[in-house]
Amino acid sequence: MARTLLDPRLTLVSLRPDQPRSAPADSSEAPRGKGFSGSPSRGQGKASGTRGRRKKGTGLSAADHGPLGRSPSLEAIEARARLGLALAGRLRESDVNLAWKKAAAEHHPDRGGRHATMQAVNAARDVLLGRGLG
């Protein structure tokens with residue numbers, strides 16, 4: 001029969017020279033660091049590579065995540081597309097109002113536009129300017 005790894009009699013071969021499994025208590029050697037250098041590791045107690053540096057952020061503030069900011073939500077992107085505005089990047093309130101006036105002049109029901117389209121244009125303006133229902 002073939003031996004398996006679950007067989008307690010099976011021992012694995014070590015590629016390292018014979019070393020005691022635990023260091024004696026009176027050993028004066030300091031523990032060696034990881035790697036091939038043979039010198040003790042620097043900055044013991046810290047994770048490697050941190051050295052007191054802060055994590056890099058996204059560079060976006062809380063305002064950049066809003067509908068007028070650089071990183072808008074999917075709903076804001078759809079509203080920007082409806083008004084013909086840039087899909088990403090910062091917008092000013094005046095940019096939104098100017099785009100809404102152009103779209104309203106084109107799609108207004110009194111000028112031959114459809115009512116549903118005008119409602120969608122108004123809703124897009126409300127999303128971008130943060131005007132909620134309540």
Side-chain angles (χ1 to χ4, degrees):
M1 275 185 136
R3 288 186 172 179
T4 65
L5 291 176
L6 299 177
D7 188 2
R9 294 174 287 161
L10 182 65
T11 59
L12 298 177
V13 177
S14 173
L15 297 177
R16 295 183 180 180
D18 292 336
Q19 294 178 354
R21 290 188 181 221
S22 62
D26 60 326
S27 174
S28 61
E29 280 188 46
R32 297 181 69 173
K34 295 180 182 178
F36 297 105
S37 67
S39 63
S41 64
R42 287 182 258 152
Q44 292 178 359
K46 281 188 173 181
S48 64
T50 58
R51 292 197 186 181
R53 289 186 226 134
R54 291 175 48 194
K55 286 186 176 182
K56 289 185 179 181
T58 61
L60 298 175
S61 66
D64 288 331
H65 291 289
L68 296 178
R70 288 192 297 183
S71 181
S73 65
L74 182 61
E75 184 180 31
I77 291 173
E78 291 171 352
R80 287 173 177 227
R82 171 67 67 187
L83 293 179
L85 294 167
L87 300 182
R90 289 189 175 141
L91 294 176
R92 294 186 308 251
E93 189 174 339
S94 60
D95 296 335
V96 174
N97 283 328
L98 184 63
W100 172 77
K101 285 181 183 182
K102 287 180 182 178
E106 182 181 343
H107 298 291
H108 199 279
D110 291 345
R111 297 193 176 182
R114 295 182 57 219
H115 182 69
T117 306
M118 188 62 200
Q119 283 182 332
V121 167
N122 287 338
R125 178 204 53 197
D126 292 343
V127 164
L128 291 176
L129 296 181
R131 298 177 183 167
L133 295 174

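The chain is numbered in sequence order, starting from 1. All heavy atoms count here, side chains included; hydrogens, waters and symmetry mates do not.
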### Task
Using side-chain hydrogen bond (donor to acceptor under 3.5 Å, both in side chains) as the criterion, list what pairs up with R92, not counting sequence neighbours.
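Partners of R92 by the side-chain hydrogen bond (donor to acceptor under 3.5 Å, both in side chains) criterion, ordered by chain and then number, come out as D95.
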Non-hydrogen atoms of [X] and [Y] that approach each other most closely:
X    : Y    : value
M118 : A104 : CE-CB, 3.4 Å
L128 : L83  : CD1-CD1, 3.8 Å
L85  : A99  : CD2-CB, 3.6 Å

### Query
Donor-acceptor pair, R80 side chain versus A86 backbone, under 3.5 Å?
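A pair under 3.5 Å: yes.
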### Message
Checking R131 against R125 for the side chain to side chain contact (heavy atoms under 4.5 Å, CB included) test, could you report, in this order, the C-alpha distance in whole Å, the side-chain angles of both residues, the deciding distance, and whether it holds?
### Response
CA-CA 8 Å; R131 298 177 183 167; R125 178 204 53 197; 3.6 Å; yes
### All side-chain contact (heavy atoms from CB on, under 4.5 Å) counterparts of V127, not counting sequence neighbours
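Result, side-chain contact (heavy atoms from CB on, under 4.5 Å) vs V127: E75, A79.
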### Query
side-chain contact (heavy atoms from CB on, under 4.5 Å) with Q119: which residues, sequence neighbours excluded?
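By the side-chain contact (heavy atoms from CB on, under 4.5 Å) rule, Q119 matches H115.
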### Query
Which pairs count as side chain to side chain donor-acceptor pair (under 3.5 Å) when at least one residue sits in residues 99-109, sequence neighbours excluded?
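Pairs touching residues 99-109 that pass the test: W100-N122.
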### Under the salt bridge (charged side-chain N to carboxylate O under 4.0 Å, His left out) test, residues paired with D126 that sit two or more places apart
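For D126 there are no salt bridge (charged side-chain N to carboxylate O under 4.0 Å, His left out) partners, ignoring immediate neighbours.
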